[in-house]
Amino acid sequence: MASVRRRLLPLGSSLLRTHAAHFQPVEGVGGNTHRKFSSVVTAEQRVLKSEAEEGNQILEDDIHKIRHAFNTVKEKFLKIPDVLREIPKIDPKGIYINKNLRLDNIQVYGFDYDYTLAHYSANLQSLIYDLAKEYLVNEIRYPECCMEFKYDSSFPIRGLYYDKSKGCLMKLDFFGSIEPDGCYFGRRKLSRSEINDLYGTRHIGRDQARGLVGLMDFFCFSEACLIADIVQHFVDAKLEFDASYVYEDVNRAIQHVHQSGLVHRGILSDPKKYLLKNGQLLRFLRMLRENGKKLFLLTNSPYYFVDGGMHFMLEDSLGQQDSWRELFDVVIAKANKPDFYTSEHPFRCYDEEKDTLAFSKVDAFLPNNIYYHGCLKTFLEITKWNGPEVIYFGDHLFSDLRGPSKAGWRTAAIIHELENEIQIQNEDSYRFEQAKFHIIQELLGKLHSVVANTEGSEKYTSLLRELNEERQKARSTMKDMFNSSFGATFLTDTGQESAFAYHIHQYADVYTSKPDNFLFYPPEAWLHVPYDIKIMPHHVKVSSSLFRT
């Protein structure tokens with residue numbers, strides 16, 4: 001009714017003048033003066049009726065215009081416009097900048113190992129899942145039928161949250177609100193009304209956030225799937241359970257699988273099945289050395305596992321006499337990140353042949369030696385490397401990058417799935433749906449802005465329903481292009497950034513899919529944040545004007 005109100009006569013204008021003109025005193029019996037109102041009411045009613053009719057006509061005209069615009073663009077929805085193909089594509093192997101970075105100022109390059117230097121096939125998630133469920137059954141005495149669970153690669157994405165108090169697995173947006181089509185209890189998606197019943201609102205407040213745990217690294221896929229499968233088992237079996245215990249048990253099983261070496265031995269027993277070779281990695285590391293850069297490896301994995309993996313990945317590129325260790329000035333294994341950044345644990349020198357740790361104090365990093373444990377404080381005291389001249393590459397936003405970011409190092413997030421998601425965003429079919437979604441959003445905004453009181457308007461109700469249906473179809477289509485359960489890693493169904501994107505923005509100066517993508521940039525390059533980017537620089541939001549050409 002906003003547009004109607006703008007056209008109503010202001011208070012004190014003709015309406016009041018009409019009222020005053022008809023307000024005449026009348027002399028009655030006994031000399032009393034009576035006031036005559038009948039003609040006044042009639043005149044005022046006529047004015048209000050006239051204005052109401054005018055307002056209704058304006059509303060009808062506005063709805064008609066929006067309906068006409070909707071019908072016009074619907075005809076264009078039948079075919080992807082040719083102009084769409086002229087929109088520039090985003091580079092899947094690009095480096096994306098959250099904070100300005102001058103590579104000529106970077107003198108030291110540090111690397112995590114798992115999912116940073118080493119990348120794995122989808123088989124690894126099944127291996128972790130199977131080993132963890134065996135531990136749950138054999139050691140924590142979960143029901144034997146849990147052994148029948150199978151890892152479902154189509155279900156989880158990175159960056160989900162598990163609510164330990166309510167048992168829900170969910171995706172959050174950039175502002176901490178639950179994605180309406182991305183909240184699951186077990187393997188069942190909750191409706192919007194069920195989400196509201198559980199949380200009262202889609203927004204997760206500070207108190208509720210304390211009960212959430214983020215599943216952020218690449219190993220979290222198997223963890224998220226196993227949590228959902230166990231919750232679903234308890235629901236199906238009609239057994240009471242505490243959601244926090246489910247998380248604690250699954251997390252304990254996942255940690256055991258890693259700390260016991262079961263996963264490491266499984267990978268090295270068949271590296272072709274699990275490890276992906278990358279011939280460009282050696283070229284990148286050698287390029288850094290040739291340009292006078294210092295290199296270090298800082299990983300939580302044990303040395304034997306890193307050594308076996310590096311040999312396999314680089315065996316086709318390294319010479320017979322060469323060793324991958326010669327590429328690094330310092331190699332630190334079993335670093336226990338993120339405690340490494342805040343503790344005061346001493347370094348210990350590792351003897352590869354004897355598989356023992358020395359007892360002598362480490363006060364220098366010697367060539368070809370391997371070091372275990374340690375802490376950031378001692379690392380900086382020994383190397384004398386200044387924070388801003390160091391960049392650290394890692395895949396886990398909390399364990400790998402939060403500590404270095406707070407310590408003054410520059411940070412590079414390695415997000416393997418970034419490459420695939422950019423390729424999807426580059427497709428004409430995705431951009432077509434995105435443009436459809438944006439123009440429907442615009443039409444809905446116009447419809448709501450001109451109509452406040454819509455009771456009894458069938459035309460409004462019909463148009464609103466059609467617009468919402470078309471919008472939902474576009475949302476579902478875009479979501480299914482990434483993942484049918486949770487959609488894209490970086491985006492919500494509405495094309496806004498996810499909570500995972502927020503953490504990248506918070507802790508990563510730059511991000512890319514692989515470290516060797518830096519080969520496409522000169523070592524002295526200045527990396528600048530694009531001037532027109534609000535949040536994530538790899539996102540392109542196709543304009544609704546596409547359908548107006």
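Along the sequence shown, residues carry numbers from 1.
Considering only heavy atoms from C-beta on, His264 comes within 4.5 Å of Tyr304 through its side chain.
Taking the six-membered ring for Trp and the full ring otherwise, the centers of Trp324 and Tyr113 sit at least 6.0 Å from each other. Aromatic rings of Tyr129 and Phe149 (six-membered ring for Trp) have centroids beyond the 6.0 Å cut-off, not under it. Between Phe393 and Phe518, the distance from one ring center to the other falls under 6.0 angstrom. Between Phe482 and Tyr430, the ring centre distance stays below 6.0 Å.
Looking at Ser498, its side chain does come within 3.5 Å of a backbone N or O of Thr489 through a donor-acceptor pair. Although no hydrogens or angles enter the test, the distance criterion places no donor-acceptor pair under 3.5 Å between the side chain of Asp509 and the main chain of Lys99. No donor-acceptor pair under 3.5 Å is formed between the side chain of Arg402 and the backbone N or O of Ser399. Panel note: side chain Asp400, backbone Asp395; a donor-acceptor pair is recorded below 3.5 Å.
Applying the salt bridge (Lys or Arg N to Asp or Glu O under 4.0 Å) test to Glu352 and every residue at least two apart in sequence or in another chain returns Arg325. Under the side chain to side chain contact (heavy atoms under 4.5 Å, CB included) criterion, Gln472 pairs with Asp181, Arg192, Arg475, Ser476, not counting sequence neighbours. Considering only residues two or more places apart in sequence or on other chains, Ser222 meets the side-chain hydrogen bond (donor to acceptor under 3.5 Å, both in side chains) condition with Gln125. Residues forming a side-chain hydrogen bond (donor to acceptor under 3.5 Å, both in side chains) with Tyr120 (at least two apart in sequence, or on another chain): Asp114.
Arg188 and Glu194 are joined by a salt bridge, as a carboxylate oxygen and a charged side-chain nitrogen come within less than 4.0 angstrom of each other. Salt bridge status for Lys133 with Asp229: absent, with no side-chain N to carboxylate O gap under 4.0 Å.
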* To do: Evaluate the criterion salt bridge (charged side-chain N to carboxylate O under 4.0 Å, His left out) for residue pair Lys74 and Glu466; output intermediate values, then yes/no.
  => CA-CA 11 Å; Lys74 272 202 302 185; Glu466 290 182 49; 3.7 Å; yes
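Cation-pi contact between Arg187 and Phe155: present, with separation from the ring centre below 6.0 Å and deviation from the ring axis of at most 45°. Within the cation-pi definition used here (under 6.0 Å to the ring centroid, within 45° of the axis), Arg158 does not qualify as a partner of Phe221.
A tilted orientation is assigned to the rings of Phe234 and Tyr142, their planes being inclined by 30° to 60°.
No more than 12 heavy atoms of other residues, nucleotides or ligands shown are found within 6.0 angstrom of NE2 on His345. Within a 6.0 Å sphere centred on OH of Tyr245, other residues, nucleotides and ligands contribute 12 heavy atoms or fewer.
Legend: side-chain hydrogen bond (donor to acceptor under 3.5 Å, both in side chains) pairs involving residues 159-171, not counting sequence neighbours, sorted by first then second residue: Tyr161-His503, Asp163-Ser165, Asp163-Tyr199.
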Donor-acceptor contacts, no H, no angles, side chain residues 370-377, under 3.5 Å, sequence neighbours left out:
| unit_1 | atom_1 | unit_2 | atom_2 | d |
| --- | --- | --- | --- | --- |
| Tyr371 | OH | Ala364 | O | 3.4 |
| Tyr371 | OH | Leu366 | N | 2.8 |
| Tyr371 | OH | Asn369 | ND2 | 3.4 |
| Tyr372 | OH | Tyr303 | N | 3.1 |
| His373 | ND1 | Lys334 | O | 3.1 |

